[in-house]
Amino acid sequence: TARSRNDQVVTDTRLFLIEKTNNLIALIEENQKILSQQALDNFDTIMPGYTHLQIAQPITLGHHLLSYVELLNRDKLRFTDSLKRLNESPLGAAAMAGTSYPIDREYSAKLLGFDRPMSNSIDAVSSRDMILETLSNTAILSVNLSRFAEEIILWVSTEFNFIKLPDSLTTGSSIMPQKRNPDGAEIIRSKAGRVIGSLSTLLVVMKGLPLTYNKDLQEDKEPLFDAIDTIELSLQVMCQMITEMKPNRDRMLKSAKNGYSIATDIADILVQNLDIPFRDSHKIVGSIVSFAEENNKSLDELVVEDYQKIDKRITIELVNKISFDRIIHNKTSQGGTAPSNVKKEAKKWLKALKNNC
């Protein structure tokens with residue numbers, strides 16, 4: 001009595017979305033916790049930072065991992081915010097016009113755990129923006145996971161060799177016994193396209209529908225269920241990979257040094273100590289890098305005599321400031337990569353996530 005398939009189906013859909021949204025929030029937080037712990041364990045592990053996939057400046061692995069904690073936190077906030085709009089009950093809207101039976105929609109909403117009933121019966125049965133919002137949040141999350149998966153794929157390659165994954169998270173080749181392919185990361189990367197496709201599918205279904213109910217709306221279930229299953233699996237696999245990955249600290253440091261990644265920092269040192277504009281300092285350091293390349297040395301291996309061949313104003317005191325450790329530790333600006341910053345941020349995140357769970 002006083003119910004229709006239309007309002008029952010959309011009520012069940014909202015209940016499903018609330019349950020799955022809370023589950024996704026928990027899985028995101030689990031990934032954040034493991035990333036934060038890895039960041040704390042590697043707060044002073046030096047690695048190259050990249051722009052254009054070219055070595056740019058030295059950073060710490062902990063700082064890099066915490067960037068994904070921040071990304072995931074915005075994903076979590078999007079899902080959390082969507083709960084405010086999900087928590088309304090369509091039940092009692094009936095087919096589309098409401099009902100003449102003396103029902104209490106406030107009471108049925110309370111029994112089902114909703115905050116309130118939806119205010120308009122037409123809107124209640126015809127709108128699917130709550131699914132679109134969930135799929136949009138899921139698509140953004142899948143893109144963020146895919147970006148990290150791509151980095152994991154690069155990092156485990158022979159050319160990078162920054163991390164190792166256990167056999168349980170890699171597979172061999174049918175004919176090449178030496179291979180350890182990062183299949184989990186590759187599948188997460190590919191699944192992002194599937195989740196994005198689910199969002200696109202429902203957007204196309206909804207774009208031309210008049211109010212209220214249309215049979216087209218049965219097409220909302222398949223992309224929704226598939227996207228939720230896919231993103232849950234991706235989060236679970238990513239959680240395992242982050243937990244099990246073992247950094248190759250020596251290789252990361254060597255790679256950072258090979259890329260002349262402290263060139264910008266040397267330029268900053270010259271600006272601050274020689275009272276020259278950055279454009280002049282930039283030119284001087286360009287010559288220093290060319291000299292290092294010609295002599296097959298890293299920048300911190302050059303001695304004062306080498307620097308003075310480029311510019312006589314560079315003293316032993318300035319050269320002593322040119323080291324990876326000093327340069328990394330000096331990046332103390334808010335949000336910077338200094339190990340002291342990273343340790344503090346990692347501990348802050350671990351404490352916050354412990355209190356949430």
Side-chain angles (χ1 to χ4, degrees), residues 39-40 42-71 147 151 154-155 160 162 247 249-349:
L40 184 59
N42 292 280
F43 74 97
D44 59 353
T45 300
I46 296 174
M47 68 174 290
Y50 294 86
T51 62
H52 308 279
L53 206 56
Q54 302 290 316
I55 293 175
Q57 291 184 281
I59 58 172
T60 61
L61 175 58
H63 191 55
H64 192 95
L65 296 176
L66 285 176
S67 71
Y68 282 104
V69 176
E70 297 285 347
L71 268 174
R147 295 180 72 186
E151 294 200 306
L154 290 172
W155 290 354
F160 278 77
F162 284 179
R249 293 178 173 85
D250 292 340
R251 173 63 181 171
M252 286 183 172
L253 178 59
K254 183 179 178 181
S255 182
K257 289 186 174 183
N258 286 344
Y260 305 105
S261 61
I262 57 173
T264 301
D265 299 284
I266 296 174
D268 289 337
I269 290 170
L270 298 184
V271 169
Q272 293 164 358
N273 290 273
L274 299 182
D275 194 25
I276 60 176
F278 188 83
R279 62 181 177 273
D280 293 343
S281 179
H282 187 282
K283 184 177 180 180
I284 293 167
V285 175
S287 299
I288 293 170
V289 170
S290 296
F291 178 86
E293 287 179 327
E294 291 168 4
N295 291 272
N296 198 28
K297 291 183 178 181
S298 64
L299 292 175
D300 66 333
E301 290 176 333
L302 299 179
V303 297
V304 65
E305 291 79 11
D306 296 325
Y307 282 100
Q308 290 186 339
K309 289 176 183 177
I310 309 299
D311 194 301
K312 295 291 185 183
R313 294 173 292 179
I314 302 177
T315 63
I316 185 66
E317 289 78 18
L318 293 186
V319 173
N320 286 339
K321 294 181 179 182
I322 300 171
S323 74
F324 274 80
D325 281 344
R326 290 190 67 167
I327 285 169
I328 284 282
H329 281 82
N330 284 340
K331 290 289 196 304
T332 55
S333 60
Q334 185 175 357
T337 193
S340 58
N341 285 11
V342 175
K343 180 184 279 190
K344 181 180 177 181
E345 283 297 302
K347 287 182 176 179
K348 184 189 79 173
W349 272 114

If we only count heavy atoms from C-beta on, is the [X] to [Y] side-chain gap below 4.5 Å?
| X | Y | value |
| --- | --- | --- |
| Ile46 | Asp325 | yes |
| Ser255 | Ile55 | yes |
| Ile322 | Tyr307 | yes |
| Pro339 | Ile328 | yes |
| Pro247 | Trp155 | no |
| Thr315 | Val304 | no |
| Lys343 | Lys347 | yes |
| Glu293 | Tyr260 | yes |

Exercise for the section: For Thr264 and Val285, run side-chain contact (heavy atoms from CB on, under 4.5 Å): C-alpha distance rounded to whole Å, both residues' side-chain angles, the deciding distance at 0.1 Å, then the answer. Expected result: CA-CA 8 Å; Thr264 301; Val285 175; over 6 Å; no
Problem - Side-chain donor-acceptor pair present, Asn273, Lys321, cut-off under 3.5 Å - result: yes
Under 3.5 Å, which donor-acceptor pairs do the side chains of residues 294-301 form with other protein atoms, sequence neighbours left out?
from   : atom 1 : to     : atom 2 : distance (Å)
Asn295 : ND2    : Phe291 : O      : 2.7
Ser298 : OG     : Asp300 : OD1    : 2.6
Ser298 : OG     : Glu301 : OE1    : 3.3
Asp300 : OD2    : Lys257 : NZ     : 3.4
Glu301 : OE1    : Ser298 : N      : 2.9

Distance (rounded to the nearest 0.5 Å) between [X] [atom1] and [Y] [atom2]:
| X | Y | atom1 | atom2 | answer |
| --- | --- | --- | --- | --- |
| Thr45 | Met47 | OG1 | CE | 10.0 Å |
| Gln308 | Ile316 | CD | CD1 | 8.5 Å |
| Ile59 | Thr337 | CD1 | OG1 | 5.5 Å |
| Ile284 | Phe278 | CD1 | CZ | 11.0 Å |
| Glu151 | Tyr50 | CD | OH | 9.5 Å |
| Ile288 | Asp311 | CD1 | CG | 7.5 Å |

Exercise for the section: Check for a donor-acceptor pair, side chain of His63 on one end and backbone N or O of Gly335 on the other, with a separation under 3.5 Å. Expected result: yes
Problem - Any donor-acceptor pair under 3.5 Å from Asp306 side chain to Val303 backbone - result: yes
Exercise for the section: Begin with the C-alpha distance, continue with both residues' side-chain angles, and end with the deciding distance and a verdict on side-chain contact (heavy atoms from CB on, under 4.5 Å) for Ser340 and Thr332. Expected result: CA-CA 8 Å; Ser340 58; Thr332 55; 4.3 Å; yes
Closest approach of [X] and [Y], non-hydrogen atoms and distance?
| X | Y | value |
| --- | --- | --- |
| Ala292 | Leu302 | CB-CD1, 4.2 Å |
| Ile262 | Pro58 | CG2-CG, 3.7 Å |
| Ile310 | Ser287 | CG2-CB, 3.6 Å |
| Ser281 | Leu270 | OG-CB, 3.4 Å |

Exercise for the section: Any pair with a residue in residues 265-285 that passes salt bridge (charged side-chain N to carboxylate O under 4.0 Å, His left out), sequence neighbours left out, goes on the list, sorted by first then second residue, please. Expected result: Asp265-Lys331
Exercise for the section: Kindly indicate, with the supporting measurements, whether the criterion side-chain contact (heavy atoms from CB on, under 4.5 Å) is fulfilled by Ser261 and Phe324. Expected result: CA-CA 9 Å; Ser261 61; Phe324 274 80; 3.5 Å; yes
Exercise for the section: Give the ring-plane orientation class for His64 versus Tyr68, where under 30° counts as parallel, over 60° as perpendicular and anything between as tilted. Expected result: tilted
Handout entry: From CA spacing to verdict: side-chain contact (heavy atoms from CB on, under 4.5 Å), Arg313, Ile276
Key = CA-CA 11 Å; Arg313 294 173 292 179; Ile276 60 176; 3.5 Å; yes
